[in-house]
Number of protein chains: 2
Amino acid sequence: MSLDHAILGFLADGDLSGYDIKTRCVDRDASHFWTADQAQVYRTLDRLESARHLTSKQKIQTGKPNRKVYRITQAGRVHLDDWLATSHALPPYRDAFLIQVYFGSELSDEALADVLERTRVQRQTRLSALRERATSHAMEVGSSANRPALMHRMTLDAAMAAERAAIDWLDDSLDTLRSLATESGSQRQLFREDQA
Amino acid sequence: MSLDHAILGFLADGDLSGYDIKTRCVDRDASHFWTADQAQVYRTLDRLESARHLTSKQKIQTGKPNRKVYRITQAGRVHLDDWLATSHALPPYRDAFLIQVYFGSELSDEALADVLERTRVQRQTRLSALRERATSHAMEVGSSANRPALMHRMTLDAAMAAERAAIDWLDDSLDTLRSLATESGSQRQLFREDQA
DNA sequence: GCTATATATATGTTTCTACATATACTTGTC
DNA sequence: GACAAGTATATGTAGAAACATATATATAGC
């Protein structure tokens, strides 16, 4: 459902092929809040065309395979604008990592702390990548003169805020585990900073 | 995949029926980080039994329908512990709401602000519910004497941190939209605090 | 000449998830 | 007596998502 509206959104700004949508829009511009593989993009385009939200034209190319270029219809625009202006119910919060934490007492404290630390590294890497994108985005569009650039920036800020919150929580949780280890007198087993 | 491990985790602590897992575990204890409907729980139990991670016994009851009570096997425990101790790749960050923000320039500023504000209300409601659960959890288990209770608390903290981050971002974004409205001199159209 | 990469679209298959519906027994309420 | 609610399990179906594979043309590098 969501991919439908993302694709309509990209096409609202101009005609695009499935290849464009996959490589330029989904993978490059929207990857910090939505993902989709190639098969899903093409099948969604088929479906949107069947629903008369899009039309398509073959563009013959020389030196490259031919393209099927999609254009949004009036009905598609109406459908998109309705969806954009509607406040949808929050999806359930889902985080498989928290299953690991919830049952973390099955593990030794060392093993649990290790899982948390590795997750922290992954989150930090993702945050750094987002920061780079935000910086280059700011370079490209100056002081966000136009609305689309500002909205783009806001989505990057949201993703960065989520990563930062996750990292802060990981740090707090690791502190809690460490203080527990100290209390129970088993700190020699854990967190040996004097080693390696 | 994740539900498999959640169910193994619940059964690691004692035998349970599908009904127990759905009502007591999934809906009550784990709903802030995972959800599943009844059909999925029962089919997952079937699958885990086929894979020899669980065994089941019919318990005859009088006055109530009979129960099928599941028990984790040694293989199931090993499978669970392996998964718990493994650092898994972060799933892609997905947020359908950010699709709305990304294409928000399709909308009027009023309409966009309205969507943000409604989302804020929903997030705040969810945060309040989480806070209540955290409070009653603290009442029940005292100062988290046991590890499982501490882990439970940590998952609640993670969910609350995510909600708080989302709310803070919404507030910042609404401020930005308001300042833009003021700059462009159209503040009379927007955010009329003197009305109604 | 071979291989990799970029451009471009399509189909097959499986798993997860959601929603609906069916069955069946008991207790409590109107 | 009828009806709802709680206890308990099972199946049907459809959509979303992930992953794999197939096809075809052109260019660039080895």
Side-chain angles (χ1 to χ4, degrees), chain A residues 1-8 15-28 30-31 33-51 54 56-70 83 88-96 99, chain B residues 1-8 15-28 30-31 33-51 54 56-70 83 88-96 99:
Chain A
M1 272 286 86
S2 295
L3 183 62
D4 294 43
H5 300 101
I7 286 178
L8 287 173
D15 300 352
L16 295 164
S17 70
Y19 188 80
D20 294 333
I21 290 170
K22 170 60 177 157
T23 56
R24 293 220 300 268
C25 305
V26 174
D27 287 352
R28 199 193 54 190
S31 61
F33 59 83
W34 208 259
T35 60
D37 74 357
Q38 177 260 104
Q40 216 188 330
V41 168
Y42 280 96
R43 275 195 265 242
T44 301
L45 286 167
D46 283 347
R47 192 155 35 75
L48 289 171
E49 192 175 12
S50 300
L54 303 178
S56 69
K57 270 185 196 164
Q58 279 286 332
K59 293 273 156 157
I60 311 302
Q61 299 192 122
T62 51
K64 288 179 185 175
N66 296 336
R67 294 155 58 85
K68 205 167 159 185
V69 177
Y70 290 90
W83 184 81
H88 306 283
L90 288 182
Y93 184 72
R94 250 136 184 281
D95 189 345
I99 299 176
Chain B
M1 273 285 87
S2 295
L3 184 62
D4 294 44
H5 300 102
I7 286 177
L8 288 173
D15 301 350
L16 295 165
S17 69
Y19 188 80
D20 293 333
I21 290 170
K22 170 59 177 159
T23 56
R24 293 221 299 268
C25 305
V26 175
D27 286 353
R28 200 193 53 191
S31 60
F33 58 84
W34 207 258
T35 59
D37 73 356
Q38 177 259 107
Q40 214 188 333
V41 168
Y42 280 96
R43 276 193 265 240
T44 302
L45 286 167
D46 284 347
R47 191 155 34 78
L48 289 171
E49 192 175 13
S50 301
L54 303 178
S56 69
K57 270 184 193 162
Q58 279 285 332
K59 294 272 156 158
I60 310 303
Q61 299 193 122
T62 51
K64 287 179 186 176
N66 295 336
R67 293 155 58 85
K68 205 168 161 185
V69 176
Y70 290 90
W83 184 81
H88 306 283
L90 288 181
Y93 184 73
R94 250 137 184 280
D95 188 346
I99 299 177

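Please read these numbers as outputs of a predicted model, since none were measured by experiment.
Salt bridge A/R67/A/D20: present, at least one basic N to carboxylate O contact under 4.0 Å.
In terms of the ring-ring contact (aromatic ring centres under 6.0 Å, His included) criterion, residue partners of A/F33 (sequence neighbours excluded) are, by chain and number, B/Y102. Residues forming a side-chain contact (heavy atoms from CB on, under 4.5 Å) with B/T35 (at least two apart in sequence, or on another chain): A/P92, A/R94. Listed by chain and number, the residues in a ring-ring contact (aromatic ring centres under 6.0 Å, His included) with A/W83 are A/H5, A/H88 (sequence neighbours excluded). By the side-chain contact (heavy atoms from CB on, under 4.5 Å) test, A/Y42 pairs with A/Y19, A/Q38, sequence neighbours left out.
The nearest whole Å value for the distance from the OH atom in A/Y42 to the C1' atom in D/dT23 is 13 Å. Following rounding to the nearest Å, A/R47 (CZ) and C/dA10 (C1') show an atom-to-atom distance of 16 Å. Rounded to an integer number of Å, the gap from CZ of A/R67 to C1' of C/dA6 is 13 Å. Distance OH (B/Y93) to C1' (D/dA17): 19 Å, rounded to an integer number of Å. Counting to the nearest Å, the P atom of D/dT23 and the CG atom of A/N66 are 19 Å from each other. Separating the CD1 atom of A/I21 from the C1' atom of C/dA8 is a distance of 13 Å, rounded to the nearest angstrom. Protein atom CZ of A/R28 is 12 Å distant from nucleotide atom P of C/dT7, rounded to whole Å. Atom NZ of A/K22 is separated from atom C1' of D/dA17 by 12 Å (rounded to the nearest Å).
At least one side-chain nitrogen or oxygen of B/K68 sits closer than 4.0 Å to the OP1 or OP2 atom of D/dA10.
Closest of all the heavy-atom pairs between B/L16 and B/C25 is CD1-SG, 3.8 Å.
When the C1' atoms of four end pairs are superposed on the next four at each end of the helix from C/dG1-D/dC30 to C/dC30-D/dG1, using five pairs per end, the two resulting axes differ in direction by 10°, to 10°.
Among the atoms of the strands shown, only primed sugar atoms or phosphate atoms (P, OP1, OP2) are found under 4.0 Å from some heavy atom of A/S17.
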Any chance you could list the contact pattern along nucleotides 17-29 of chain C? Use B for base contacts, S for sugar-phosphate-only contacts and - for none, protein heavy atoms under 4.0 Å, 5' to 3'. BBBB---B-S---

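To the nearest 0.5 Å, the span separating CG on B/L48 from CG on B/D4 amounts to 5.0 Å.
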